[in-house]
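Residue numbers start from 1 in every chain, and the chains themselves are labelled A, B, ... in the order their sequence lines are given, proteins ahead of strands.
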Number of protein chains: 2
Amino acid sequence: MADMTPATEGFILHWGEMGTKWGINRTVAQIHALLYLSPKALNAEQIADTLSVARSNVSNSLRELQGWGIVKVVHVIGDRRDHYESMKDVWEMFQIILDERKKREIDPTLAILRELTAKAKKSGAKDAHTHERLKDMLNFFESMSAWYAQIRRLPQAAFIKFIKMGDRVRKLLGFAGR
Amino acid sequence: MADMTPATEGFILHWGEMGTKWGINRTVAQIHALLYLSPKALNAEQIADTLSVARSNVSNSLRELQGWGIVKVVHVIGDRRDHYESMKDVWEMFQIILDERKKREIDPTLAILRELTAKAKKSGAKDAHTHERLKDMLNFFESMSAWYAQIRRLPQAAFIKFIKMGDRVRKLLGFAGR
DNA sequence: TCGTTCTTTCTGTCATAACAGAACATTGCC
DNA sequence: GGCAATGTTCTGTTATGACAGAAAGAACGA
């Protein structure tokens, strides 16, 4: 890794590790980290050089990041090459990641849980316990999903304010839950 | 996979896939799914037979699940063998999983972000932009972490009620955020 | 249109982690 | 203590996905 301050390098390495623990390719996460920290858009070659990975690896990883919607191509006048930059707003970025993971993983899970719960119900006594368990699981996912849809619709400022309210959240909920 | 209804088998397979997407070993997730659905505690051999995996694989996976705190050993009278059962309360289960992932992954990230943010600040102008970005990221993680600590302290019933409030959440927040 | 630059896709290699089977260790009974 | 049953650890194999490098494909300028 050439040309990086210790802070930059440290973040890129840790972000890469974090990625692997959450099912995201290390290089993908590292590129994202690099672009997030970079004050200006970078081209693929710069990325490959900085992280010491193959050009092809960068190409595929960038496609992945674009698929997530957190990195986009920009153009620099007088330069044919594609340049890439990451979204900088952290709150928006994580909202997008959550949206995407919900769409890719939670929604299909919901669909399958509905299907299997119905199936277990139909098959009667021998699946009675299974049905019960699946129903609980389905109920959980549906509740969480609906809740997320609610807070997701809040304007970002309101959401941030809500998160940052701190202790008042509990009082509020103590009141509202009654 | 012997001796399973389609609903059971479907859930186990899907849960295994879900696991891999979230950085959890497929077999570990499958065993968890099996135990979650099972009306009674199972011994290691039953698990190995049902899922067609090696006994050693089951042993290691069970250790992992016990490490997460969502599976525990129980004993059946007149039977020397260890039997295993999963926690059945879905809400509690996910709370535990979130706690654990926070402890293992988010807290270390926070520590590193603090360290790197400080380092970037000290190194002055050449890291000014990096410092800015790291500070944003740190701020996000700290806010989320504090928020989680708040809702985490709620009694479970209140939490569930809150999640299930549905549309009222937004009105509440509209009011509270002002 | 040809050559240059840049990007993507394809193919084979490599690293990692999952896994099976065997060896080993422990437990409890006779 | 010895033996059967159970559980864990170790070792080598296998499967998977990450990756490099080469080849192919576009885009563009001359």
Salt bridge (charged side-chain N to carboxylate O under 4.0 Å, His left out) pairs, two or more places apart, involving [range]:
range: residues 76-86 of chain B; value: B:E45-B:R81, B:D79-B:R81
range: residues 13-36 of chain A; value: A:E17-A:R26
range: residues 87-97 of chain B; value: none
range: residues 62-75 of chain B; value: none

With sequence neighbours left out, which residue pairs that include part of residues 78-127 of chain B fulfil the ring pair (Phe, Tyr, Trp, His ring centres under 6.0 Å) condition? A:F140-B:W91, A:F140-B:F94, A:F141-B:F94

Once side chain to side chain contact (heavy atoms under 4.5 Å, CB included) is applied, do any residues pair with B:K126, and if so which ones, sequence neighbours excluded?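 Partners of B:K126 under the side chain to side chain contact (heavy atoms under 4.5 Å, CB included) test: A:T5, B:S123.
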
For B:H131, enumerate each residue passing the side chain to side chain contact (heavy atoms under 4.5 Å, CB included) test, keeping only those at least two apart in sequence or located in another chain.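 B:H131: side chain to side chain contact (heavy atoms under 4.5 Å, CB included) contacts with B:T117, B:A120, B:K121, B:K135.
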
Are any protein N/O atoms closer than 3.5 Å to N/O atoms in nucleotides 23-25 of chain C? If there are, list each pair with its distance.
none

Which nucleotide span of DNA chain D, 5' end to 3' end, has atoms closer than 4.0 Å to non-hydrogen atoms of chain B? D:dA5 to D:dT9

Atom-to-atom span, [atom1] of [X] to [atom2] of [N] - whole angstrom:
X: B:E64; N: C:dC19; atom1: CD; atom2: C1'; answer: 14 Å
X: A:L42; N: C:dC6; atom1: CG; atom2: C1'; answer: 16 Å
X: A:D79; N: C:dT4; atom1: CG; atom2: C1'; answer: 14 Å

Could you work out, with side chain to side chain donor-acceptor pair (under 3.5 Å) as the rule, every residue matching A:D136, not counting sequence neighbours?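 With neighbours one apart ignored, the set is A:R133.
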
Residues forming a side chain to side chain donor-acceptor pair (under 3.5 Å) with B:Q95, sequence neighbours excluded: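 Partners of B:Q95 under the side chain to side chain donor-acceptor pair (under 3.5 Å) test: none.
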
With 3.5 Å as the limit, what N/O pairs link the protein to nucleotides 7-9 of chain C?
residue, atom, partner, partner atom, Å
C:dT7, OP1, A:D82, N, 2.5
C:dT7, OP2, A:R55, NH2, 3.1
C:dT8, OP2, A:S59, OG, 3.1
C:dT9, OP2, A:R63, NH2, 2.5

Geometric cation-pi criterion, B:R101 with B:W22: 6.0 Å, 45°: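 Pair B:R101/B:W22 does not count as cation-pi.
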
